Visitor: 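After the structure tokens below, expect a handful of questions from me.
Below, all heavy atoms of this structure are taken into account, side chains as well, without hydrogens, waters or symmetry copies. As the structure is a prediction and not an experimental result, all values here were calculated from the model. Letters A, B, ... are given to chains in the order of the sequence lines, protein chains preceding strands, and every chain is numbered from 1.
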There are 2 protein chains.
Amino acid sequence: MPTPHYGQPRYRVIADELKKRIEGGVIPAGSLLPSESALCAEFQAARGTIRKAIAVLRNASLVATEHGRGTYANLQPGGGQTDEDLESETLQRQVLADIELAALFDVDVGAVLIEQQLVDRRNGAVSRVVRTYRSLRSNG
Amino acid sequence: MPTPHYGQPRYRVIADELKKRIEGGVIPAGSLLPSESALCAEFQAARGTIRKAIAVLRNASLVATEHGRGTYANLQPGGGQTDEDLESETLQRQVLADIELAALFDVDVGAVLIEQQLVDRRNGAVSRVVRTYRSLRSNG
DNA sequence: AGAAATTTGTCCGTATGTATC
DNA sequence: AGATACATACGGACAAATTTC
């Protein structure tokens with residue numbers, strides 16, 4: 001099989017599945033996740049893909065990895081009962097200035113602006129979308 | 001060459017080198033970095049290694065990557081001097097969800113969203129516009 | 001409008017190095 | 001010392017977004 005990845009990339013699907021297991025208690029907090037090779041076997045994925053999935057969870061502070069030991073399901077640092085699972089992803093792209101933005105930046109309508117978009121997810125659902133616009137030649 | 005990585009791993013060395021070039025102005029802020037394949041040739045490294053180096057810079061907000069375009073040197077690593085005159089104003093309003101926001105918030109296109117807009121001015125000129133969107137029923 | 005080239009994104013398989021048990 | 005597990009690195013292939021012709 002070559003590489004079919006329409007829709008969500010595989011590493012993100014795997015990350016979501018692991019997240020469910022951690023939140024659902026299938027993988028108790030503080031315990032070790034299955035080893036990378038075990039996850040490779042289960043999900044029929046390459047190690048790089050598994051590692052990337054784990055990197056997503058690590059980035060979300062859901063797990064912590066120790067060299068030579070393994071990856072632990074997260075024990076919440078806040079002390080509290082923070083059952084919240086925050087996630088965020090960013091992307092940057094070029095967009096065309098609408099009338100309002102053009103007036104603000106003092107450029108022509110349709111001029112190129114840089115947009116950075118941040119999407120915050122809370123327990124899976126999008127809670128906030130932040131779009132930051134900058135002019136090309138403004139050193140913010 | 002097998003894979004010796006005593007001391008610093010290769011991707012980190014490459015990341016440091018690129019960082020020097022950006023901060024030193026060899027790669028001007030806002031301009032494109034060399035393509036991944038070009039960097040592969042220059043550093044004699046595999047693409048995955050180059051991509052990992054760039055990921056380090058992206059994580060440090062030193063660069064931003066756009067699919068199909070390239071990786072841009074970032075404009076704003078936060079220069080030191082602060083003798084500038086900053087202003088900001090905010091406003092809140094209701095807007096209608098476009099296709100992308102509708103998909104993100106899982107609502108219908110045209111549904112009402114809350115938008116908060118922040119306009120930063122620097123010495124009079126708009127340097128940044130931040131638009132934050134929330135759903136009405138968002139438990140934010 | 002459309003095809004080709006460029007560039008980044010994802011995924012695979014493998015090999016080797018390093019840390020821990 | 002040996003086994004296990006994560007870390008780094010290579011090379012190849014195809015997908016998707018953008019630019020160029």
Visitor: In whole Å, what is the span from the CZ atom of A:Phe43 to the C1' atom of C:dC12?
Guide: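 Rounded to whole Å, this separation is 17 Å.
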
Visitor: Paired stems touching DNA chain C, three or more consecutive Watson-Crick or G-U pairs with both distances under 3.5 Å?
Guide: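 Output for stems: C:2-21 with D:2-21.
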
Visitor: Answer with yes or no whether the hydrophobic clustering places B:Val129 together with A:Val107; edges join I, L, V, M, F, W, Y residues whose side-chain heavy atoms lie under 4.5 Å apart.
Guide: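 B:Val129 and A:Val107: one cluster.
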
Visitor: A:Gln44 near the nucleic acid: base, sugar-phosphate alone, or nothing, with a heavy-atom cut-off under 4.0 Å?
Guide: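 Answer is sugar-phosphate: A:Gln44 comes under 4.0 Å of backbone atoms only.
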
Visitor: Give the rounded distance in Å between these two atoms: CG of A:Leu39 and C1' of D:dC6.
Guide: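 Computing the A:Leu39:CG to D:dC6:C1' distance gives 12 Å.
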
Visitor: Find the distance A:Ile50:CD1 to C:dT10:P and express it as a whole number of Å.
Guide: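 In whole Å, C:dT10 P and A:Ile50 CD1 are 15 Å from each other.
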
Visitor: Would you give the length of the straight line joining atom CG of B:Asn123 to atom CD of B:Glu87, rounded to the nearest 0.5 angstrom?
Guide: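 Interatomic distance, B:Asn123 CG to B:Glu87 CD, rounded to 0.5 Å: 9.0 Å.
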
Visitor: Compare side-chain N and O positions of A:Lys52 against OP1 and OP2 of C:dC11 and report whether any pair is under 4.0 Å apart.
Guide: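 False: A:Lys52 side-chain N/O out of range (4.0 Å or more) of C:dC11 OP1/OP2.
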
Visitor: Can you check the A:Gln94 CD to D:dT18 C1' distance for me, whole Å?
Guide: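 These atoms are roughly 10 Å apart.
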
Visitor: Reckon B:Tyr11 has a side-chain N or O less than 4.0 Å from the OP1 or OP2 of D:dT8?
Guide: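 Answer yes for this pair, as a side-chain N or O of B:Tyr11 is under 4.0 Å from OP1 or OP2.
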
Visitor: If I take atom CD1 from residue A:Ile114 and atom CD from residue A:Gln94, how far apart are they, to the nearest 0.5 angstrom?
Guide: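 A:Ile114 CD1 to A:Gln94 CD: 4.5 Å, rounded to 0.5 Å.
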
Visitor: When rounded to the nearest 0.5 angstrom, what distance separates CG in A:Leu104 from OG in B:Ser127?
Guide: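 Between atom CG of A:Leu104 and atom OG of B:Ser127 there are 11.0 Å.
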
Visitor: Hydrophobic clustering (ILVMFWY, side-chain heavy atoms < 4.5 Å, transitive) - are B:Leu118 and B:Val126 grouped together?
Guide: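 As far as the 4.5 Å side-chain criterion goes, B:Leu118 and B:Val126 are not connected within one cluster.
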
Visitor: Does atom CG (B:Leu91) have a neighbourhood of more than 12 heavy atoms from anything else shown, all under 6.0 Å?
Guide: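 Atom CG in B:Leu91 is crowded, with more than 12 foreign heavy atoms closer than 6.0 Å.
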
Visitor: For B:Arg58, which residues count as a side chain to side chain donor-acceptor pair (under 3.5 Å) partner, sequence neighbours excluded?
Guide: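 In terms of side chain to side chain donor-acceptor pair (under 3.5 Å), with neighbours along the sequence ignored, B:Arg58 is linked to B:Thr65.
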
Visitor: Calculate the interatomic distance between B:Arg10 atom CZ and C:dT18 atom P; express it in whole Å.
Guide: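 From B:Arg10 CZ to C:dT18 P: 15 Å.
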
Visitor: Could you tell me whether A:Glu17 and A:Arg12 make a salt bridge, using a distance below 4.0 angstrom between a side-chain N and a carboxylate O?
Guide: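 Judged by the 4.0 Å cut-off on N to carboxylate O distance, A:Glu17 and A:Arg12 do not form a salt bridge.
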
Visitor: What is the distance, to the nearest angstrom, from the CD atom on B:Gln8 to the C1' atom on C:dT18?
Guide: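 Distance, rounded to whole Å: 15 Å.
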
Visitor: Taking atom P of C:dG9 as reference, at what distance in whole Å does atom CD of A:Glu89 sit?
Guide: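 That distance rounds to 14 Å.
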
Visitor: Would B:Asp106 and A:Arg121 pass as an ion pair if we require N to O under 4.0 Å?
Guide: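 Salt bridge absent between B:Asp106 and A:Arg121.
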
Visitor: Report each atom pair, protein N/O against N/O of nucleotides 5-8 of chain C, whose distance is under 3.5 angstrom.
Guide:
unit_1, atom_1, unit_2, atom_2, d
C:dT8, OP2, B:Glu36, N, 2.8
C:dT8, O2, B:His67, NE2, 3.0

